Asks: 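So that we are looking at the same thing, I have put the structure below in structure tokens.
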Amino acid sequence: MKQFISFVKKEFYHILRDRRTLFILLGMPIVQIIIFGFALTNEVKNAKFAILDQSGDIATRQITDELDASRYFDLASSLKNYEEIEHLFRQGKVKLVVVFPPSFNSDLQHFNSAQIQLVADASDPNTATTLTGYATTIIKDYQLRLLHDKKLPYTINTTARMLYNSQLKGAYSFVPGVMAMVLMLVCTMMTAITIVREKETGTMEIMLVSPIQPLKIIIAKAVPYLLLSIINIASILLLSVFVLDVPIKGNLLLLISEGILFTLTCLSFGLLISSVTESQQTAMFISLVGMFLPTVMLSGFMFPIENMPLPLRIISRAVPAKWFYDIVKSVMIKGLSFQYVAKETIILAGMTVFLLALSIKKFKTRLA
Amino acid sequence: MSAVSVNKLTKLYHTKKERVKAVEEVSFEVSKGELFGIIGPDGAGKTSLFRMLTTLLLPDGGSATVDGSDIVKDVKAIRKKVGYMPGRFSLYQDLTVQENLDFFATIFNTTVIENYDLIKDIYVQIEPFKTRRAGKLSGGMKQKLALCCALIHRPVVLFLDEPTTGVDAVSRKEFWDMLKRLKDQAITILVSTPYMDEAALCDRVALMQTGRILSTGTPTSIISSFASNLFTVKAEKMYPLLCDLEAWDGARDSYSFGEFHHVILNAQYDVGQLRTYLDSKAHSNVEIHTTQPNIEDCFMQLMQN
Amino acid sequence: MEAENIITTEELTKRFAGFTAVDAISFNVKKGEIFGFLGANGAGKTTAMRMLCGLSKPTSGKATIAGADVYKQTEQIKKSIGYMSQKFSLYEDLTVKENIRFYGGIYGKTNAFIKEKTAFLLHQLNIENEADKLVASLPLGWKQKLAFSVAIFHEPQIVFLDEPTGGVDPVTRREFWNLIYQASERGITIFVTTHYMDEAEYCNRVSIMVDGKIEALDTPRGLKETYNATTMDDVFLQLARKATRADV
């Protein structure tokens with residue numbers, strides 16, 4: 001036990017004395033949350049739009065005001081005819097034009113139905129889709145209020161994506177994503193590097209010749225990073241609740257436990273990488289390609305998995321981060337309880353046991 | 001019982017095209033308390049040999065015991081009783097002198113105080129810097145710290161892999177003085193080195209080249225088995241002198257050696273003929289002396305046989 | 001006839017923050033000379049050598065290398081010197097020929113020159129059969145001899161050798177020195193550092209640096225007489241023990 005404690009103590013010395021790395025490890029989640037929260041979001045704010053109001057009644061004015069008042073849109077100009085639309089788009093002055101047909105309000109009042117045409121600049125398809133989505137939502141909201149006490153002849157279809165995120169806030173999807181990414185980097189990459197570094201400097205040779213058991217070395221290496229990860233989970237959750245206004249709807253303890261489970265998965269993967277590589281560069285490269293890229297690409301955090309071709313969907317099932325991402329989304333955003341994430345938890349636990357067993361088996365008690 | 005007994009030990013390693021014998025059927029015995037040198041250039045197989053004896057590598061053939069324990073079967077036993085200092089500086093650079101020493105003591109289930117008497121002589125020299133990070137120590141200091149760490153658990157057998165490579169002459173000398181003192185503590189020491197002149201500082205040596213042992217014995221016995229008439233030659237122009245010596249039938253071998261050239265004469269030639277030959281080549285200020293060969297002479301002869 | 005000075009230094013000094021690595025060294029090296037540059041670790045050898053190669057700007061003092069000033073004419077210096085160290089010499093993943101070609105190309109030699117010189121060099125080292133093998137597959141001793149030949153491939157006036165023979169067997173070490181002698185005969189000046197004291201004896205003149213200063217400079221024989229020593233090892237130990245500063 002003394003051996004073990006002394007080893008853990010040594011690991012802490014390494015981490016604490018490498019100020020720059022420590023700073024990156026602890027600062028990374030904060031920076032990522034902030035970058036994703038305020039800069040890199042696929043939300044569009046204050047997009048310029050124009051209207052072509054051929055009706056000019058109270059309803060069209062109210063809708064225009066609604067749009068203009070929302071945080072997503074700013075009214076840029078009011079057009080007189082269709083020709084101006086193309087002209088405006090060519091100049092790149094607006095992203096969206098809302099076209100009200102003549103007699104808009106009377107149609108709405110008499111037939112309970114009216115047409116609005118949304119014309120978007122689809123040279124940037126993502127923005128175009130997002131903007132039309134926002135506009136549709138706002139218009140439908142207006143209709144809801146307008147027809148508040150009337151029996152509606154039609155139902156309003158909002159998309160599934162907006163079910164738990166009625167404001168379409170990007171933060172809801174990237175907080176779980178950033179959590180997966182940060183734990184990945186801290187645990188997988190740093191654990192892999194720390195063991196391989198000892199191989200490179202030759203200290204592993206002396207450790208192997210000493211009576212300390214390999215298992216103790218492995219666990220002692222993992223302990224500090226487990227602790228760092230818990231700090232990171234905490235800072236991400238604090239930031240998301242207090243800075244990004246993303247509340248934790250589910251059980252906090254459950255969420256943290258799942259975070260620790262995922263940390264262990266990542267640690268095991270890092271250990272596996274370290275036992276099959278000989279240099280820090282290789283370890284870093286494998287962690288990046290083997291873990292980080294799949295986490296970003298295939299966890300569903302950047303790109304929806306449902307839209308991927310079958311082979312990629314199958315591969316994504318082997319990516320631990322996908323399951324963790326699902327769990328965090330369920331617990332944190334949807335507020336679901338354990339029984340709804342039991343399957344994902346068991347899969348993640350299974351992966352951890354498998355990776356850990358494999359890495360212990362592969363850990364060489366000799367050189368070469 | 002020998003402290004180290006090596007019997008036809010072999011290590012292969014595989015490159016893309018071929019299998020190279022890093023160590024080839026090496027056999028030798030080291031007695032308890034002996035200071036045993038493995039002398040050979042890079043690529044001789046010294047490191048592979050040491051790694052096999054410290055259980056870091058599995059041999060591909062042969063067997064060996066260290067303090068009676070088999071290097072393949074009794075791995076745990078060996079790991080408790082050997083000390084090992086690898087060729088590269090292998091301590092934690094970001095830990096202080098004191099932290100390194102404490103750490104290694106704990107890993108070997110002991111404490112610094114318990115075996116302080118063993119390292120005292122060496123440790124007092126680095127003690128003034130005990131709060132300094134190991135990475136900030138000078139080369140000589142690092143080496144002393146590494147030796148302390150390798151000794152901290154009072155090993156029965158100490159393996160030092162090229163401890164003096166890349167170290168300047170002053171530090172080298174100090175290091176060998178330390179080894180001499182350790183010998184008095186009845187620790188068996190195996191040390192490898194590419195410096196031929198260090199052979200004379202060992203009790204016994206094995207000369208190694210390309211995986212094979214060329215010769216084993218005390219430095220004196222190896223030198224006395226060198227049956228050649230060796231002369232040192234010097235002249236005003238040393239390089240032309242060497243060229244002329246190499247071209248001469250009377251010289252079995254000739255090579256530069258310090259300020260002189262060494263010449264080994266063929267059996268039917270004598271020093272008079274050497275002098276006549278050199279005079280005929282118009283060398284000026286020719287000096288010829290008989291001399292005792294040293295390990296380097298022996299090594300070169302053994303290499304060429 | 002006195003040979004011309006190819007390296008001259010006068011009070012050459014290099015200071016780092018609060019620390020004088022090289023302390024006003026003055027010496028001359030003659031054309032074609034084999035000059036041994038000794039010193040304990042940390043005595044300032046590497047720093048001095050870097051200044052002479054035009055890699056590091058001196059703090060004060062003067063130095064010329066093959067007539068070029070170390071402050072202003074570093075480009076000219078680089079053309080007239082060759083450099084080889086134990087650590088870096090050749091690209092292991094290129095063949096022998098490719099390495100030679102590469103270095104020839106760097107120094108802007110013509111294809112005809114490279115071709116002719118390569119053939120000569122391969123013959124001289126007796127490695128014609130290995131010309132298309134990867135350098136990684138050669139024994140260490142061959143690599144070092146090849147590295148030296150590559151370092152003087154562009155026919156520099158001076159070649160700097162930083163511990164060129166570390167770890168090689170005694171026979172190869174001598175073969176290496178024979179190459180040095182041959183180069184010296186052709187008029188190339190050799191500036192060499194080494195940890196092997198017997199190699200210091202092979203030099204025409206030897207300087208020994210202690211704590212940033214040149215403490216002694218003479219022929220090996222002269223040094224031994226001055227310090228009343230039988231070997232260069234003794235001379236070196238006597239001088240280096242005076243050192244007060246630890247190596248860094």
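What you are looking at is a predicted structure, and each value in this text was computed from that prediction instead of being measured. Residue numbers start from 1 in every chain, and the chains themselves are labelled A, B, ... in the order their sequence lines are given, proteins ahead of strands.
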Asks: Crowded around B:Arg212 CZ? As in, over 12 foreign heavy atoms under 6.0 Å?
Replies: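 Counting neighbours around CZ of B:Arg212, 12 or fewer heavy atoms of other residues, nucleotides or ligands fall under 6.0 Å, so no.
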
Asks: Which region of A:Gln213, side chain (C-beta onward) or backbone (N, CA, C, O), has a non-hydrogen atom less than 4.5 Å from a non-hydrogen atom of chain B, or is it both or neither?
Replies: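 Answer is neither: A:Gln213 stays 4.5 Å or more from chain B.
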
Asks: Side chain, backbone, both or neither: which part of A:Phe4 has a heavy atom under 4.5 Å from chain B?
Replies: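 Looking at A:Phe4, nothing touches chain B.
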
Asks: Is chain A contacted by the side chain of B:Thr111, its backbone, both, or neither, given a heavy-atom distance below 4.5 Å?
Replies: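 Contact with chain A: side chain only.
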
Asks: If you count heavy-atom pairs within less than 4.5 Å of chain A, which of B:Leu95, B:Thr54, B:Thr55 leads?
Replies: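 Sorted descending by pairs with chain A, the first entry is B:Leu95.
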
Asks: Taking atom CZ of B:Arg181 as the centre, does the number of heavy atoms from other residues, nucleotides or ligands within less than 6.0 Å exceed 12?
Replies: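 More than 12 within 6.0 Å, yes.
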
Asks: Within a reach of under 6.0 Å around CD of A:Gln281, are more than 12 heavy atoms found that belong to other residues, nucleotides or ligands?
Replies: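 Open.
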
Asks: Can you name the closest pair of heavy atoms from B:Ile107 and A:Pro211 and give their distance?
Replies: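 Residues B:Ile107 and A:Pro211, closest heavy atoms: O-CD, 3.9 Å.
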
Asks: At their closest point, which heavy atom of A:Gly202 faces which heavy atom of B:Pro86, and how far apart are they?
Replies: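 Shortest heavy-atom contact: O-CG, 4.3 Å.
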
Asks: Are more than 12 heavy atoms, taken from residues, nucleotides or ligands other than A:Phe12, located less than 6.0 Å from that residue's CZ atom?
Replies: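 Atom CZ in A:Phe12 is crowded, with more than 12 foreign heavy atoms closer than 6.0 Å.
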
Asks: So, taking the atom named CD1 in A:Ile212 and the one named CZ in B:Arg79, what distance separates them when rounded to the nearest 0.5 Å?
Replies: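 Rounded to the nearest 0.5 Å, the CD1-CZ separation comes to 12.0 Å.
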
Asks: Distance from B:Arg51 atom CZ to A:Glu205 atom CD, nearest 0.5 Å?
Replies: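 Going from CZ on B:Arg51 over to CD on A:Glu205, the span is 4.0 Å.
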
Asks: Atom OH of residue position B:Tyr116 - does it have more than 12 heavy atoms of other residues, nucleotides or ligands inside 6.0 Å?
Replies: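 For B:Tyr116, atom OH is crowded (more than 12 foreign heavy atoms under 6.0 Å).
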
Asks: When rounded to the nearest 0.5 angstrom, what is the spacing between CD1 in A:Ile206 and OH in B:Tyr92?
Replies: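 The OH atom of B:Tyr92 is 8.0 Å from CD1 of A:Ile206, to the nearest 0.5 Å.
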
Asks: So, do A:Asp18 and B:Asp94 sit near enough that their side-chain heavy atoms are less than 4.5 Å apart?
Replies: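 No, their side chains stay 4.5 Å or more apart.
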
Asks: Does any heavy atom of chain A fall under 4.5 Å from the side chain of B:Lys76, the backbone, both, or neither of them?
Replies: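 For B:Lys76, neither part sits under 4.5 Å from chain A.
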
Asks: Would you mind checking which part of A:Met207 comes under 4.5 Å of any heavy atom in chain B, side chain (CB onward), backbone (N, CA, C, O), both or neither?
Replies: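 Only the side chain of A:Met207 comes within 4.5 Å of chain B.
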
Asks: Could you tell me which portion of B:Phe104 (side chain, backbone, both or neither) has an atom closer than 4.5 angstrom to a non-hydrogen atom of chain A?
Replies: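 Side chain of B:Phe104 only, per the 4.5 Å heavy-atom cut-off to chain A.
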
Asks: Shorter than 4.5 Å, heavy atoms on both sides: which option in B:Asn100, B:Val75, B:Leu91, B:Asn109 has the most such pairs with chain A?
Replies: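 Result: the option with the highest number of such pairs is B:Asn109.
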
Asks: What's the spacing between A:Ser6 OG and B:Phe103 CZ if we round to 0.5 Å?
Replies: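 It comes to 5.0 Å.
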
Asks: Just wondering, are more than 12 heavy atoms of other shown residues or ligands nearer than 6.0 Å to NZ in B:Lys21?
Replies: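 Not buried by this count: 12 neighbours or fewer within 6.0 Å.
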
Asks: Among A:His14, A:Lys9, A:Lys2, which residue forms the greatest number of heavy-atom pairs with chain B at distances under 4.5 Å?
Replies: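 Ranked by heavy-atom pairs under 4.5 Å with chain B, first place is A:His14.
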
